[in-house]
There are 2 protein chains.
Amino acid sequence: MKTLGIIGGLGPLATAYFYRRVVELTPAESDQEHIETWIRSCPSIPDRTAFLLGRSEEDPRPKMVEAGRSLVEAGAEVLAIPCVTAHAFHKDLEEGIGHPILHAIGELGKTLKARGIRTVGVMATDGARASHVYESMLQEYGVSCIWPDEAGQARVMHMIYQDVKAGRIISEGDFTEVGNALLQAGAEAVVLGCTELSQATVTMDLNEDYIDIIDVLAASCVKACMA
Amino acid sequence: MKTLGIIGGLGPLATAYFYRRVVELTPAESDQEHIETWIRSCPSIPDRTAFLLGRSEEDPRPKMVEAGRSLVEAGAEVLAIPCVTAHAFHKDLEEGIGHPILHAIGELGKTLKARGIRTVGVMATDGARASHVYESMLQEYGVSCIWPDEAGQARVMHMIYQDVKAGRIISEGDFTEVGNALLQAGAEAVVLGCTELSQATVTMDLNEDYIDIIDVLAASCVKACMA
């Protein structure tokens with residue numbers, strides 16, 4: 001069994017939830033059957049969206065590279081980052097750390113392809129949207145993306161920054177309105193495409209129209225570590 | 001703000017939940033206001049209760065010391081172990097690691113004293129019970145302990161090992177029967193005194209008769225790191 005390394009804190013609640021899902025998705029009947037996991041939760045890593053949009057000059061990459069290197073030095077063999085926006089820097093991070101990192105959106109692409117989904121609605125940060133990280137990865141799996149309209153995107157950003165990152169509950173009304181609009185616009189499924197949005201699955205009863213990227217990445221980590 | 005180091009994996013779900021509570025109890029409005037946290041989740045650490053009861057010769061201390069040392073070397077300043085049974089080795093671990101570790105039961109003692117509680121019911125492992133780790137620490141705070149009867153203790157062990165550690169939900173009937181029996185026997189409050197039992201707070205609606213030791217330890221970590 002391989003050791004998992006998690007570059008976390010982006011945000012911290014998403015990291016705690018991601019690790020919980022790794023544990024829950026691991027087939028184990030006792031502590032000792034679980035995966036050794038090193039977590040560097042570094043909430044001080046500068047905001048990814050602010051940097052991607054040019055609103056801040058604080059580059060989040062050096063601290064992410066430092067965290068990843070320390071995990072690899074400590075013995076981590078499978079690396080993951082439970083922050084989708086950070087995947088805009090995936091190539092730079094792999095090069096800086098000198099170790100492969102599971103790609104959350106690549107793993108999502110495999111899941112969508114297996115389910116025969118060709119068009120997916122994406123709820124994610126402005127940074128992820130502006131970087132085209134979803135489109136560039138999902139096109140390899142024959143999947144195209146639909147994003148919320150301007151007001152819907154602003155609501156998504158509110159859920160991420162004013163709700164989850166500030167320790168509040170996501171508004172169910174806002175969430176389902178944005179999700180329904182994407183489904184009505186032709187999305188065959190809606191991806192909770194920012195790890196903060198997974199908190200919606202904790203407080204709401206979402207049907208299979210919704211795919212949580214944290215679950216996809218956690219399942220891939222378990223598979224990679226148990227292989 | 002100090003860096004928190006968590007010696008985890010005992011069990012892994014308790015570690016994920018403990019970190020979630022640290023995050024939730026931190027006064028923060030953005031990622032960057034949260035506590036840097038290094039977690040070594042080592043579920044391969046041998047079972048604490050089996051060793052304490054002489055049922056296994058596998059000593060859990062060396063791996064816990066190794067995890068603690070690596071956390072301190074990485075920069076952790078406040079150390080915590082979200083496993084109450086492991087506190088039977090608290091002194092050995094502090095000596096082996098060469099760094100102080102917050103004492104979950106000591107922090108509980110402060111909480112009980114502040115609430116004016118003199119008699120507490122304890123739901124914890126056979127290992128914690130046999131080691132008298134609760135009694136020896138709580139007597140410093142003028143608190144005495146009541147434990148479940150033999151059948152009740154067996155039910156508690158079932159909840160910990162056959163339910164939580166095996167990925168199942170704790171039976172609400174079993175839990176409340178054991179808790180009620182402790183309250184009827186004179187306990188002024190009942191402590192969820194094994195970190196696995198905190199999962200009961202996730203699925204059940206427990207009143208203030210119940211004190212979760214994970215919450216006590218998480219609050220102390222936040223206080224120590226923000227000091």
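Just so we're on the same page: letters track the sequence lines, and every chain starts at 1.
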In terms of relative ring orientation, are B:Tyr134 and B:Trp147 parallel, tilted or perpendicular, with 30° and 60° separating the classes? perpendicular
Would you call B:Thr201 and B:Tyr17 a side-chain contact if the rule is heavy atoms closer than 4.5 Å? yes
Toward chain A, the part of B:Glu196 with a non-hydrogen atom under 4.5 Å: side chain
If you round to the nearest 0.5 Å, how far is CG of A:Leu102 from NZ of A:Lys223? 10.5 Å
With chain B, which of A:Pro12, A:Pro46, A:Ala16 has the greatest number of heavy-atom pairs at distances under 4.5 Å? A:Pro12
dist B:Asp126:CG -> B:Cys194:SG (nearest 0.5 Å) comes out at 10.5 Å
Max heavy-atom pairs within cutoff under 4.5 Å with chain B, candidates A:Gly11, A:Gly167, A:Cys42, goes to A:Cys42
Top of B:Arg40, B:Glu73, B:Lys165, B:Gln162 for chain A proximity - count of heavy-atom pairs under 4.5 angstrom: B:Arg40
Honestly, the part of A:Ile35 sitting under 4.5 Å from a heavy atom of chain B is backbone
When every non-hydrogen atom of B:Ala104 is compared with those of B:His87, the smallest separation belongs to N-NE2, 3.1 Å
Roughly how far apart are B:Met1 CE and B:Glu77 CD, rounded to 0.5 Å? 10.5 Å
Looking at B:Ala67, B:Ala28, B:Pro43, B:Ala166, which makes the most heavy-atom pairs under 4.5 Å with chain A? B:Pro43
Toward chain B, the part of A:Ala74 with a non-hydrogen atom under 4.5 Å: both
Largest heavy-atom contact set with chain B, pairs under 4.5 Å, which of A:Tyr161, A:Trp38, A:Phe18: A:Trp38
Can you tell which part of A:Ser70 gets under 4.5 Å to a heavy atom of chain B, answering side chain, backbone, both or neither? neither
Heavy-atom proximity to chain B below 4.5 Å, by part of A:Pro27: neither
At a heavy-atom distance under 4.5 Å, which candidate from A:Glu24, A:Glu33, A:Arg21, A:His34 has the highest pair count against chain B? A:His34
I need the minimum non-hydrogen distance between A:Ile97 and A:Val72, along with the two atoms involved. CG2-CG2, 3.9 Å
Please classify the contact between A:Leu4 and chain B as side chain, backbone, both or neither, with a heavy-atom cut-off of under 4.5 Å. neither
Side chain from CB out, backbone as N, CA, C, O: work out which of these in A:Arg168 comes under 4.5 Å of a heavy atom of chain B, or both, or neither. side chain
Chain B heavy atoms under 4.5 Å from A:Glu36: which part of the residue, side chain, backbone, both or neither? both
With rounding to the nearest 0.5 angstrom, report the CG to CD1 distance, B:Leu10 to B:Ile45. 4.5 Å
B:Pro148 and side-chain contact (heavy atoms from CB on, under 4.5 Å): which single residue from B:Gln153, B:Glu177, B:Arg155 fits? B:Gln153
